[in-house]
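Report on the structure given below.
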2 protein chains.
Amino acid sequence: MTDGSLRQELLGLQANNPAVDRLVEEIIGRVADKWTMLLIEILTEQECCRFGELARACTGISQKMLTQTLRAMERDGLVTRKVYAVVPPKVEYRLTDLGLGLSKAFCGVWLWAEGNLEMIEQARRSYAERQAAEGTSA
Amino acid sequence: MTDGSLRQELLGLQANNPAVDRLVEEIIGRVADKWTMLLIEILTEQECCRFGELARACTGISQKMLTQTLRAMERDGLVTRKVYAVVPPKVEYRLTDLGLGLSKAFCGVWLWAEGNLEMIEQARRSYAERQAAEGTSA
DNA sequence: ACCCACACTCTCTTTTTGGTAAGTATAAAT
DNA sequence: ATTTATACTTACCAAAAAGAGAGTGTGGGT
């Protein structure tokens with residue numbers, strides 16, 4: 001248990017291929033940002049959304065970021081974008097199977113965060129205390 | 001299957017408490033960045049690392065970002081920081097149980113990314129093609 | 001004739017992020 | 001006396017990200 005066996009065991013896949021690793025890191029960096037995760041969650045809860053619905057559901061997002069994030073997700077094959085040739089315009093977004101798979105994968109992280117909220121907050125408090133203590137003694 | 005049952009089923013926890021949701025989002029935003037994920041991976045592979053070892057293992061990171069990320073991780077209770085009062089200085093970092101839990105949670109995302117690399121790259125190619133096609137016709 | 005939807009797009013400005021490089025402390029080695 | 005090693009910290013600067021807000025196209029309602 002002192003070596004890399006845990007990750008290997010958990011991953012159970014190819015031995016560290018540096019090229020694959022780099023790609024994986026790039027994809028995770030791309031995909032693991034706040035808005036992407038939020039949009040995935042929203043689209044998991046309600047599978048078909050229009051642009052405006054997403055804007056309302058995704059509190060605090062700007063139009064710009066919404067468009068940008070959705071485009072990136074479309075590019076990566078996480079969502080489909082269906083444009084209706086009507087006026088006023090109508091566009092529907094929904095997760096692809098790929099996107100749904102990512103949603104499930106993220107679920108573990110959500111669970112962890114939900115389950116450990118208290119511990120994290122406590123860690124922060126005690127860190128702050130330690131800092132304060134150092135401040136007074138130093 | 002048309003409503004939010006999937007997430008509820010997968011999460012199986014409290015009904016959407018907005019305050020909790022916001023905290024969870026904040027924590028995920030904090031924790032799901034490139035360097036944090038990389039450091040967690042490194043510290044999962046080798047449970048005890050000195051600052052310099054991390055710097056070497058985490059290719060491309062600057063001292064500044066390394067210190068910054070490690071401090072944030074310490075603050076959130078993901079790593080412990082053990083300082084030896086020697087000269088030259090010696091500091092050892094290792095994951096806490098909380099950090100190890102997050103490592104496992106991230107594992108699902110790594111697996112997803114590794115397992116779907118090909119699909120993502122293909123999605124990107126076909127998106128690029130569609131863009132190019134629109135460019136010529138429009 | 002005019003305004004409203006809706007889903008953007010564009011420009012401009014502010015904020016945040018991250019890199020570089022230099023500085024710090026100190027004991028041991030040369 | 002000078003250098004070396006280590007783990008930082010600080011100051012400065014460039015680049016990238018994100019927000020605000022106005023503009024766009026068009027068919028239908030008034």
- Does atom CE of A/Met119 have more than 12 heavy-atom neighbours from other groups under 6.0 Å away? no
- Item | More than 12 heavy atoms of other groups within 6.0 Å of A/Gln122 CD | no
Rounding to an integer number of Å, can you tell me how far [X] [atom1] sits from [N] [atom2]?
X       : N      : atom1 : atom2 : value
A/Lys34 : C/dT16 : NZ    : P     : 12 Å
A/Trp35 : D/dA17 : CH2   : C1'   : 13 Å
B/Leu66 : D/dA7  : CG    : P     : 10 Å
B/Lys64 : D/dA14 : NZ    : P     : 14 Å
B/Arg50 : D/dT6  : CZ    : P     : 7 Å
A/Arg81 : C/dC8  : CZ    : C1'   : 9 Å
A/Leu54 : C/dA7  : CG    : C1'   : 12 Å
A/Ile61 : C/dA7  : CD1   : C1'   : 14 Å

- Closer to the 5' end of DNA chain C via nearest nucleotide, is it A/Pro89 or A/Arg71? A/Pro89
- Does the side chain of B/Tyr93 reach to within under 4.5 Å of the side chain of B/Cys48, using non-hydrogen atoms? no
- Picking from D/dC8, C/dG18, D/dG19, the nucleotide nearest the side-chain atoms of A/Met65 would be D/dG19
- Query: Quick one: on DNA chain D, does B/Pro88 or A/Ser62 contact a more 5' nucleotide (nearest heavy atom)?
  - Reply: B/Pro88
- With nearest nucleotides of DNA chain D determined for B/Leu70 and B/Val87 from heavy-atom distances, which residue corresponds to the more 5′ nucleotide? B/Val87
- When rounded to the nearest 0.5 angstrom, what is the spacing between CH2 in A/Trp112 and SG in A/Cys107? 14.5 Å
- Item | Side-chain N or O of A/Tyr93 closer than 4.0 Å to phosphate OP1/OP2 of C/dC8 | yes
